[in-house]
Amino acid sequence: MEVQIETLSEKYSITISSTDTIQDLKEKIDEEGGADPARQCLYIQGYLINDDTALVEEIVCSGGKTFILVLPKAGSSREIRSDREKFLITGNRRNFQVNLIPKNKSIKVNLVSKKFGIVYNTEGNEVGKRVYFVEVFEITGKGSIDITTVSDEQGTEDYKVTLHDEKNTDDEGIELKGTMKSYSESDQTSMLARAGTVSKIFGNAGRFISAIGDLIFGGIAM
């Protein structure tokens, strides 16, 4: 059986057998295009495949024969600090990461697209009906980023995102304004989700994560 491999610049076919796994497919892609399997990120219908032992044939039966190949690119490294635990989403539409910033800690991240999102709230607990709220920020200048908790007169907590000049320790920083977006799981269904393949191969968070990536970096009209 042949499957299609698509990149940003080309499209080609790879022949697989019924016993080939995702790791086998990555090795064949390496033979064809010289891409180290360790660097390859394979997507199908917008979902990142994170199980290299999964059978390609099983995935094809649920999701089709076209795989999107993404090779991570280097970006500008930023230090991001938060005084509360936050989930930060960075990268680009087809290759992104979910970073957990622990309370009062800093992490170094690469902002390939100069955008990042903060998941600031969720509603509901039932899988398939949850609603996620994300604030999307775009960075144009250089420096480190602080996420700090603020409260209004009624005691309602919110957060503020500030860009600081790393070379000037007295810098008060520039407050960044984000764009609020939301995503409802019930708005997006697919053959993969109906077949139950998402939770088995892509992880329990696969559906949410792929949709949030589209929400921040493009692909979902709001």
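In this text the structure is predicted, and so the values were computed from the model without any measurement. Hydrogens, waters and symmetry mates play no part in the numbers below; they use all other heavy atoms, side chains included.
Looking at residues two or more places apart in sequence or on another chain, you find a salt bridge (charged side-chain N to carboxylate O under 4.0 Å, His left out) between K11 and E6.
With contacts defined as side-chain heavy-atom distances shorter than 4.5 Å, the pair V60/F67 qualifies. Side-chain contact between I44 and T66 is absent, with no heavy atoms from C-beta onward closer than 4.5 Å.
A distance of 4.5 Å separates CZ of F116 from CD1 of I145, quoted to the nearest 0.5 Å. Taking NZ of K181 as the reference point, atom CD of E135 lies at 11.5 Å (rounded to 0.5 Å). Atom CG in N104 sits 11.5 Å away from atom CD in E85 (nearest 0.5 Å). In this structure, the separation between CG on D146 and CZ on R81 is 6.0 Å, given to the nearest 0.5 Å. Rounding to the nearest 0.5 angstrom, the gap separating the CZ atom in R84 from the OG1 atom in T149 is 4.0 Å. Atom CD1 of I107 is separated from atom OG1 of T90 by 7.5 Å, given to the nearest 0.5 angstrom.
Looking only at distances, no side-chain donor or acceptor of D30 sits under 3.5 Å from a matching main-chain atom of E27. A donor-acceptor pair under 3.5 Å is absent between the side-chain atoms of K26 and the main chain of A38, judged by distance alone. Distance alone, capped at 3.5 Å, places no donor-acceptor pair between the R78 side chain and the K108 backbone.
Taking both residues in full, the closest heavy atoms of Q23 and P37 are given as NE2-CB, 4.0 Å, listed atom of the first, atom of the second, then distance. D20 and K28 make their closest contact through OD2-NZ, 2.6 Å (heavy atoms, listed as atom of the first residue, atom of the second, distance).
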Side-chain polar contacts of residues 173-180 - donor-acceptor pairs under 3.5 angstrom, sequence neighbours left out - could you list them?
{"residue": "E175", "atom": "OE2", "partner": "K177", "partner atom": "NZ", "Å": "3.2"}

